[in-house]
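Note sheet for the following structure.
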Amino acid sequence: MASSNSSDLSKLPLKEIPGDYGFPFFGAIKDRYDFHYNQGADAFFRTRMKNYQSTVFRTNVPPGPFNAPNSKVIVLVDAVSYPILFDNSKVDKENYFEGTFMSSTAFNGGYKVCGFLGTTDPKHSTLKGLFLSTLAKLHDKFIPIFISSISELFTSLEKELSENGSSYFNPLSDNLSFEFLFRLFCEGRSPTDTSLGTGGPKSVDKWVFFQLAPLISLGIKFVPNFLEDLVLHTFPLPYFPVKSDHQKLYNAFYNNMGSILDEAEKLGVKRDEACHNIVFLAGFNSYGGMKVFFPALIKWVGTAGLSLHSKLENEIRTTVKTEGGVTFAALEKMTLVKSVVYETLRMDPPVPFQTVKARKDTVITSHDASFLVKKDELIFGYQPLATRDPKVFKNPEEFNADRFVGDGEKFLKYVYWSNGKETDDPTVNDKQCPGKDLIVLLGRIFLVEFFLRYDTFEIEFGKLLLGSKVTFKSVTKATS
């Protein structure tokens with residue numbers, strides 16, 4: 001493993017950014033077809049990186065016409081240049097969340113929610129401050145609510161394995177995620193005891209899909225590519241088909257999180273605006289992230305096999321016994337568990353794309369060159385390549401469970417899944433995920449609870465629209 005120091009980087013030659021955007025309008029359409037149909041996202045960026053012999057290059061990214069005002073970006077796919085995306089003195093993320101477009105404010109009650117606000121907007125610091133203070137106050141609820149919620153997942157998993165010989169993990173994971181988040185923000189109430197019933201996850205899925213459709217390909221063989229592209233990628237999908245589902249979500253949260261809304265009012269935020277922001281934080285940010293993260297965690301641990309399972313089992317059971325339970329202190333002592341979670345987030349970051357606009361003329365530095373980015377140009381990060389940078393990580397394409405154990409912790413600064421460095425903490429003045437530490441904690445608790453109950457397991461996996469599809473084939477219950 002190697003990394004570049006700042007004195008070396010300052011001496012690198014200034015080069016022109018390679019790449020081009022093709023013919024107006026048609027170049028963006030061609031690149032969109034390459035991204036969705038001819039190559040796929042990963043090959044799209046790898047091919048251009050190889051062709052231009054550069055980890056910084058120009059291209060169009062989806063969705064382009066007529067879904068986004070500008071498809072022309074400067075792409076970053078290495079670990080050294082990538083952090084410019086987090087420097088709010090040089091770049092602005094206003095109106096950009098996961099791509100080069102912004103979904104209609106109708107999806108959020110007519111409000112531009114915190115995720116789309118720039119850091120210079122006073123409302124951004126107020127709303128993010130509300131998120132951070134709320135999570136801090138709920139800190140002692142994280143472990144007990146999650147452990148209580150995950151027990152239903154294990155019951156369903158074992159029942160399906162017994163009856164069918166297999167268990168599709170993703171819907172079980174989605175139910176766990178939504179149950180936990182709703183109970184966390186809504187004073188312990190289960191969504192099944194509200195008007196949502198058991199339909200919460202499906203309502204969120206529909207609401208999120210209609211907003212992220214410009215970045216998604218369904219992969220349905222009998223639907224021609226041009227037809228899917230016309231429907232999903234050419235024009236923004238309307239809000240009205242998911243209005244009912246979204247309204248149910250909003251009403252359930254609004255009616256069950258009075259104390260958070262009271263606190264928002266004290267900060268000068270209207271109750272309905274605060275509620276729409278919490279629904280976005282819980283539904284889009286957190287649930288959407290967990291929807292990718294938990295299946296990825298099981299995929300990588302499952303494919304690592306019995307050797308890793310035995311090591312995790314030993315560390316978890318020994319520590320829990322010594323510490324007298326699953327506590328924050330116990331979790332902090334489980335170095336392998338922590339490393340496995342970080343390595344999963346390195347391999348499969350839940351949010352693969354980041355978009356910003358340059359506030360001013362800015363020099364970006366990669367491992368071997370510097371590049372001038374002009375004011376108002378869009379910069380686009382493709383994280384799955386940046387966090388697999390071969391000049392930083394040894395065998396970057398391989399899942400290494402103990403990569404971040406001991407001396408390996410120094411490489412956590414190159415793990416960027418939270419829209420910031422893993423070594424940084426979110427503040428009201430940046431765009432780093434406010435639930436960053438919570439997601440890492442939940443991944444650790446998931447592994448702990450799993451290996452307290454089971455010795456080993458077998459899975460099959462494939463791809464979904466967002467993330468991995470995981471199916472359990474067997475579990476072996478704990479023998480000690």
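We're numbering straight along the sequence, starting at 1. Quick caveat: nothing in here was measured; it's all calculated off a predicted structure. Values below: every heavy atom of this structure, side chains too, minus hydrogens, waters and symmetry copies.
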Tell me whether [X] contacts the main-chain N or O of [Y] through its side chain, where contact means a donor paired with an acceptor under 3.5 Å.
X    : Y    : answer
R388 : M347 : yes
D31  : P62  : no
K436 : D424 : yes

Is the shortest side-chain N to carboxylate O distance from [X] to [Y] below 4.0 Å?
X    : Y    : value
K128 : D430 : yes
E332 : R444 : yes
D174 : K202 : no
K469 : E460 : no

What distance do R346 atom CZ and T387 atom OG1 have between them, rounded to the nearest 0.5 Å? 6.5 Å
Contact summary for [X] and [Y], nearest pair of heavy atoms:
X    : Y    : value
T355 : T100 : OG1-N, 3.8 Å
D92  : Y96  : O-CD1, 4.3 Å
R32  : H233 : NH1-O, 3.4 Å

Among pairs that include at least one residue of residues 200-219, which meet ring pair (Phe, Tyr, Trp, His ring centres under 6.0 Å), considering only residues two or more places apart or in two chains? W207-H246
Under 6.0 Å between ring centres: does that hold for [X] and [Y]?
X    : Y    : value
F185 : F253 : no
F284 : F97  : yes
Y454 : F450 : yes

Do the rings of F404 and F393 sit parallel, tilted or perpendicular, given the 30° and 60° boundaries? perpendicular
Any [X] side-chain heavy atom under 4.5 Å of [Y] side chain:
X    : Y    : result
Q383 : F353 : no
K477 : E158 : yes
S259 : E187 : yes
Y342 : E409 : no

Other residues, nucleotides, ligands: >12 heavy atoms within 6.0 Å of E449 CD: yes
Counting only heavy atoms from other residues, nucleotides and ligands, does the tally under 6.0 Å from CD of E152 exceed 12? no
